[in-house]
Amino acid sequence: MLPITRVRVLESDPAGVRPQLAEMVRQMPQAVKGMSVVIDSDVDTDLAALLAALREVGIQPLAVSEGPLAEAARAAGLPVVSRDSGKSSAAPPPA
């Protein structure tokens with residue numbers, strides 16, 4: 001099993017993501033290097049620039065969640081996954 005983290009993109013300007021990534025690397029460099037992620041975004045952004053920013057710090061984008069970046073992801077050859085995929089759900093309470 002491969003641990004995968006969701007990276008939630010809240011900023012439409014990829015340049016605005018870079019300082020946040022730099023801070024994350026500063027706080028936990030070993031955790032970030034090689035981290036496998038699914039990109040989850042409600043905003044449209046330049047996917048190529050976002051991918052470059054993530055890869056610069058050692059993060060490995062594996063897929064993009066369905067949403068505004070899905071078409072660009074498909075064009076770039078990245079898989080597009082359901083927003084619900086990989087999320088664990090609690091078992092229903094016993095009756």
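Only heavy atoms go into these numbers, but all of them, side chains included; no hydrogens, no water, no symmetry mates.
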Specify the closest pair of heavy atoms between Leu62 and Leu78, including all atoms of both residues, with the distance to one decimal.
-> O-CD2, 3.8 Å
Listed partners of Asp13 passing salt bridge (charged side-chain N to carboxylate O under 4.0 Å, His left out), at least two apart | none
N/O donor to acceptor pairs below 3.5 angstrom from side-chain atoms of residues 17-28, sequence neighbours left out:
{"unit_1": "Arg18", "atom_1": "NH1", "unit_2": "Glu56", "atom_2": "OE1", "d": "2.6"}
{"unit_1": "Arg18", "atom_1": "NH1", "unit_2": "Glu56", "atom_2": "OE2", "d": "3.3"}
{"unit_1": "Glu23", "atom_1": "OE1", "unit_2": "Arg26", "atom_2": "NE", "d": "3.1"}
{"unit_1": "Glu23", "atom_1": "OE2", "unit_2": "Arg26", "atom_2": "NE", "d": "3.4"}
{"unit_1": "Glu23", "atom_1": "OE2", "unit_2": "Arg26", "atom_2": "NH2", "d": "2.6"}
{"unit_1": "Glu23", "atom_1": "OE2", "unit_2": "Gln27", "atom_2": "NE2", "d": "2.7"}

Mark yes or no for whether Arg6, through its side chain, and Arg83, through its backbone, hold a donor-acceptor pair below 3.5 Å.
-> yes
Partners passing side chain to side chain contact (heavy atoms under 4.5 Å, CB included) against Ala70 (at least two apart in sequence or in another chain) | Glu66, Arg74, Val80
Contacts of Leu10 that satisfy side chain to side chain contact (heavy atoms under 4.5 Å, CB included) - sequence neighbours left out = Arg8
Are Ile4 and Val57 in one and the same hydrophobic cluster, where Ile, Leu, Val, Met, Phe, Trp and Tyr link if side-chain heavy atoms are under 4.5 Å apart?
-> no
Correct closest heavy-atom pair for Val81 and Ala63 would be CG1-CB, 4.1 Å
Sequence neighbours left out, what passes side chain to side chain contact (heavy atoms under 4.5 Å, CB included) with Pro14? Give chain and number order.
-> Thr45, Asp46, Ala49
How many angstroms lie between CD in Gln60 and CE in Met35, if you round to the nearest 0.5 Å?
-> 11.0 Å
In terms of hydrophobic clustering (I, L, V, M, F, W, Y; side-chain heavy atoms under 4.5 Å; direct or indirect links), are Leu50 and Val32 co-clustered?
-> yes
Kindly write out the residues that satisfy side chain to side chain contact (heavy atoms under 4.5 Å, CB included) with Ser12, not counting sequence neighbours, or none if the list is empty.
-> Val43
Given the rule in the side-chain contact (heavy atoms from CB on, under 4.5 Å) test, do Leu51 and Ile39 qualify, once you have shown the distances and angles that lead to the verdict?
-> CA-CA 9 Å; Leu51 292 172; Ile39 300 168; 3.7 Å; yes
Do Val7 and Asp40 touch side chain to side chain, with heavy atoms closer than 4.5 Å?
-> no
What is the minimum heavy-atom distance between Pro61 and Leu54, and which atoms define it?
-> CG-CD1, 4.0 Å
